[in-house]
Novice: 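Please read through the structure below; I'll follow up with questions.
So that the names make sense, note that chain A is the first sequence line, chain B the second, and so on, each numbered from 1.
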Amino acid sequence: MADGECLPAMDLMRSEPMQLARVIIPMESAHRAISYLGELGLFQFKDLNKDKSPFQRTYATQIKRCGEMARKIRFFRDQMNKAGVTSTKLTYGSVMTLDDLEAKLGELEAELLEMNANSEKLQHAYNELVEYRLVLKKMGEVFNSAQKKATIQHREQEHRRVEGSIDSPLLLEQEMTTDSSKQVKLGYVSGLVPRDKSIAFERILFRATRGNVFLKQDPVGEPVVDPVSGQKVEKNVFIVFHSGERAKSKVLKICDAFGANRYPFTDDAGKQHQMITEVNGKLAELKTTIDVGQHHLVSVLQSISLQFEQWKTMVKKEKSIYHTLNMLSFDVTKKCLVAEGWCPVFATNQIQKTLMQASTDSNSQIGAIFEILHTKEAPPTYFCTNKFTASFQEIVNAYGVAKYQEANPGVYTIVTFPFLFAVMFGDWGHGICLFLATLILILREKTYSSQKLGDIMEMAFGGRYVIIMMSIFSIYTGVIYNECFSVPFEIFGPSAYACRDPSCRDATTIGLIKVRETYPFGVDPIWHGTRSELPFLNSLKMKMSILLGVAQMNLGIILSYFNATFFRNEIDIWYQFVPQMIFLNSLFGYLSLLIIVKWCTGSKADLYHVMIYMFLSPMDDLDDNQLFLGQKYLQLLLLFLALIAVPWMLIPKPFLLKKQHEERHRGEAYVPLGALDDNLGPDSTPRSHGGHEEFEFSEVLVHQLIHTIEFVLGSVSNTASYLRLWALSLAHSELSKVFYEKVLILAWGYNSVVILIIGIIVFIFATVGVLLVMESLSAFLHALRLHWVEFQNKFYQGDGYRFYPFSFALMGDDEE
Amino acid sequence: MGFLYTTLMFAAIGIIASLCARICCNKGPSANLFHLTLVITATVCCWLMWAIVYLAQMNPLIVPILSEGE
């Protein structure tokens, strides 16, 4: 199951052995070498220029250039989104250098900006002309109707005058001429004002000019695009008649304040017609120009979209290459770059080959030099996982990344995590539903992995192998609990129980008796629906939880033994592993033994009583609670062992550690200083001899005290914590029983098809929503907690750091 | 007797499963050990669960009392 890169592979049990390596690359092949190493993805660079600010680093200008290009690419993407052009996933074969790409991006950006500015200007002019046309139309109507009324009135006056005396026309003419000279010139302003401001507009005009203006407004039917804001606004066409220059300036100022656009208007009918035809012609022209511009823009964007993805990845890659190059330092001759970093031991050949390839491809005279350094620094943790084991390893890493080369709980988690989930979920009908749902995800893996899924789907898809393991184990435990949507089946033969006598009189009072062999596989189907079902199942499941818990905790302690052996820590084996095993097993191992003996013999002994009085009055006789011969003496022995295990865990280890530390340091005073200088490399801070911290005895003692108390108290609390296996399994079976009996069977009882269909729908929704989703999440969480706390605190340190190689494949899409 | 036979059956299934794993994906000694660990752990877990349920029903202290209406 290990993937190809890991051959010759180490077990998933311990992280890969890592080495600190130094690579010296000549300048001309540096860029290419880093690029190839990025493709390979197995080298984690250390930052050798940590004390320099980002602007002091060598390649800061290149990074700025890449940043500029990334900004242009984001701009293109926004433009493409606005125009509704999607980028295709095709990668074209044309390879261009960074400089070419930069030039191309620059000219495309200038072109797009210019096109956008032009189209904006054209649009502005278009909107203004539309408004002008409206003014011309409306005011033309107003003037025409007013003209008609005026001519009618004038004719009437004329008639009346003609009917008068002969003398009077002379006077009237004089009157009329004097009248016309005394008349003040009427001016007018016309335009459009937004409808919501029109009333205020009118009022302010009236007040400002002391009522000496005449305002006529006419609403426009549909909203008009305002040239200034570009939004559609409801507007009114207005015309204001004023007399005098001062009134005119006031009117103009008020128009500007209200954002009313003004347009010139002539009262000459002929000129009006001319203006209208002119405006119509200009509008048609502008429309075609704008359309042509839009087409051009879309075609340019489409040509960009074909190469968009390729450019984007190229810019990202270049930026990351320059970031990495910034981490390298110059050597003494200033002609080579020095890189330091971690890489797995198995990848040494591959890295050397890659470096050679880079040197030959860039036609450089010198090859790169690859040397291994020795250091006391803690290496990063790297597990070679494939797509199946990766999700389980993620579960373990979520709690804490393993220390370098300590035992990985992930190995056992692959089986025990789905198993404990299944103990809490046991129902083979639900298990089959989960299995089918996850099977779909797995069969369509390829399509889903290339799509972008929502957050929840992403999590479910990422954990598909975990869920399918969980469902397979759930089917198994469902068969053992004999529950399929809470209905038992007699698959493995007849039930072991039958009535005491043929009339079955006592079946509901005293109960049945066991007449045959035990039901061979799982819980007897007779139990479902009986009155003593819960007492029986509760007792069974509680004892099962204790047995499973003690087994898993023992596994944890045994893993700590393997860790101690691997790191050659004798003290831990004798003064931690042994007393821990003794303590846990003399108490809870003994309890498990009692449970099994009680089941095998069928005795009526009260185990609570036995365990409690083992501590309170160990010398008392057991009488009815005796399960086997010599039990009292065994209990005394186990109690004694448990009591001495506690100081055995607590006291010897700090003293031995102190002795060890002293021995190590006694010899060191005579070793010349030069031999201790292990850490080569330009950034090594001078470390103390041998890299040890100071040894504080009180600190170590307190640490050991905390550890001992944690273990002793924890053994009780952790064992009790496993009872959640019982609790959740009870909850699950009760919920599924309620849904089955109170929904489905109830609906069946009505003998009506409509109610039956409604009942089935409610049953399906309740099962999927509550049992398959909520219960799954709940059981998942609790199984997770049991692993992270009760299992892992027996042996797991989890204070390592992860191996993050420089790899193009691992670069996420950080722009989204 | 039923307990012993079924335990032997579990053991046999475990051995067959590890042989299948060895035949299907033989990828070097450390990977083989890993697969073997997984198969043995799964077999032990399944057997443990079955054995606990079987033992609990061998000599029952509580008997089923049917509810009215059965």
Novice: To the closest 0.5 Å, what do you measure between OG1 (A/Thr530) and CD1 (B/Ile65)?
Specialist: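 Answer rounded to 0.5 Å: 8.0 Å.
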Novice: What heavy-atom pair brings A/Gly529 and B/Ser67 nearest, and what distance separates the two atoms?
Specialist: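 Where A/Gly529 meets B/Ser67 most closely, the heavy atoms are O-OG, 3.1 Å.
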Novice: Which heavy atom in A/Tyr476 sits nearest to a heavy atom in B/Trp47, and how many Å separate them?
Specialist: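 Closest approach of A/Tyr476 to B/Trp47: OH-N, 4.4 Å.
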Novice: What part of A/Ile510 is in contact with chain B, defined as an atom under 4.5 angstrom from a non-hydrogen atom: side chain, backbone, both or neither?
Specialist: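 For A/Ile510, the backbone is the part near chain B, not the side chain.
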Novice: Heavy-atom pairs under 4.5 Å with chain A - which of B/Pro60, B/Pro29, B/Ala21 has more of them than the others?
Specialist: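 Greatest number of close heavy-atom pairs with chain A: B/Pro60.
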Novice: Identify which of A/Ile513, A/Thr509, A/Ile595 forms the greatest number of heavy-atom pairs closer than 4.5 Å to chain B.
Specialist: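 Among the listed options, the one with the most contacts to chain B is A/Thr509.
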Novice: Is A/Asp624 atom CG crowded by more than 12 heavy atoms from other residues, nucleotides or ligands, each under 6.0 Å away?
Specialist: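 Atom CG in A/Asp624 is not crowded, with 12 or fewer foreign heavy atoms closer than 6.0 Å.
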Novice: Out of curiosity, A/Glu517 CD to B/Tyr54 OH, how far, rounded to the nearest 0.5 Å?
Specialist: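 One gets 5.5 Å once the value is rounded to the nearest 0.5 Å.
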Novice: Can you tell me which portion of B/Leu48 sits under 4.5 Å from chain A's heavy atoms? Options are side chain, backbone, both or neither.
Specialist: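 Side chain only.
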Novice: Hey, what do you get for OG (A/Ser532) to CD1 (B/Ile62), rounding to the nearest 0.5 Å?
Specialist: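 Answer for the OG-CD1 pair, A/Ser532 versus B/Ile62, is 6.5 Å.
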Novice: Treating A/Lys514 as the side-chain partner and B/Met58 as the backbone partner, does any N or O pair qualify as donor plus acceptor under 3.5 Å?
Specialist: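 Looks like yes, one N/O pair under 3.5 Å.
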Novice: Checking B/Gln57 side chain against A/Asp524 main chain: does a donor-acceptor pair fall under 3.5 Å?
Specialist: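 Yes; judged by distance alone, with no hydrogens or angles, the pair exists.
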Novice: Measure the CZ-CG distance between A/Phe536 and B/Leu61 for me, rounded to the nearest 0.5 Å.
Specialist: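 Spacing of CZ (A/Phe536) from CG (B/Leu61) equals 10.0 Å.
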Novice: Check whether B/Thr37 gets within reach of chain A through its side chain, its backbone, both or neither, counting any heavy atom under 4.5 Å.
Specialist: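 Only the side chain of B/Thr37 comes within 4.5 Å of chain A.
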Novice: If you count heavy-atom pairs under 4.5 Å between each of A/Thr416, A/Ile480, A/Thr477 and chain B, which one has the most?
Specialist: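 Sorted descending by pairs with chain B, the first entry is A/Ile480.
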Novice: Rounded to the nearest 0.5 Å, what's the gap from CZ on A/Arg14 to OG on B/Ser30? Could you check?
Specialist: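 The OG atom of B/Ser30 is 13.5 Å from CZ of A/Arg14, to the nearest 0.5 Å.
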Novice: Please flag which part of A/Leu512 lies under 4.5 Å from any non-hydrogen atom of chain B: side chain, backbone, both or neither.
Specialist: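 A/Leu512 touches chain B through backbone and side-chain heavy atoms alike.
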Novice: Taking every non-hydrogen pair under 4.5 Å, which of A/Thr518, A/Val411, A/Leu548, A/Val423 racks up the most with chain B?
Specialist: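 Most pairs with chain B among the choices: A/Thr518.
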Novice: Looking at B/Thr41, B/Leu33, B/Val44, which makes the most heavy-atom pairs under 4.5 Å with chain A?
Specialist: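 Among B/Thr41, B/Leu33, B/Val44, the one with the most close pairs to chain A is B/Thr41.
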Novice: Indicate the atoms forming the closest heavy-atom contact of A/Gly511 with B/Val63, along with that distance.
Specialist: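 Minimum heavy-atom separation between A/Gly511 and B/Val63: CA-CG2, 4.4 Å.
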Novice: Please determine, among A/Val479, A/Val415, A/Ile596, the option with the most heavy-atom pairs under 4.5 Å with chain B.
Specialist: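 Ranked by heavy-atom pairs under 4.5 Å with chain B, first place is A/Val415.
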Novice: Name the orientation class of the two ring planes belonging to B/Phe10 and A/Phe521 (parallel below 30°, tilted from 30 to 60°, perpendicular beyond 60°).
Specialist: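 Aromatic pair B/Phe10/A/Phe521 classed parallel.
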Novice: Looking only at heavy atoms, which two atoms of A/Arg531 and B/Leu66 are closest? And how far apart?
Specialist: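 Here A/Arg531 and B/Leu66 meet closest at NE-O, 4.0 Å.
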Novice: Non-hydrogen atoms of chain B under 4.5 Å away: do they reach the side chain of A/Pro520, the backbone, both or neither?
Specialist: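 The backbone, not the side chain.
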Novice: If you check every heavy atom in residues 489-497 of chain A against those of chain B, which residues fall under 4.5 Å?
Specialist: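 Residues A/Tyr497 are the ones that qualify, each having a heavy atom under 4.5 Å from chain B.
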Novice: Quick check for you: to the nearest 0.5 Å, what is the distance between B/Cys46 atom SG and A/Phe473 atom CZ?
Specialist: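 So the gap between those two atoms works out to 5.0 Å.
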Novice: With a strict 4.5 Å heavy-atom criterion, list every residue of residues 597-604 of chain A that contacts chain B, or say none.
Specialist: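 Within residues 597-604 of chain A, the residues under 4.5 Å from chain B are A/Lys598, A/Trp599, A/Cys600, A/Thr601, A/Gly602, A/Ser603, A/Lys604.
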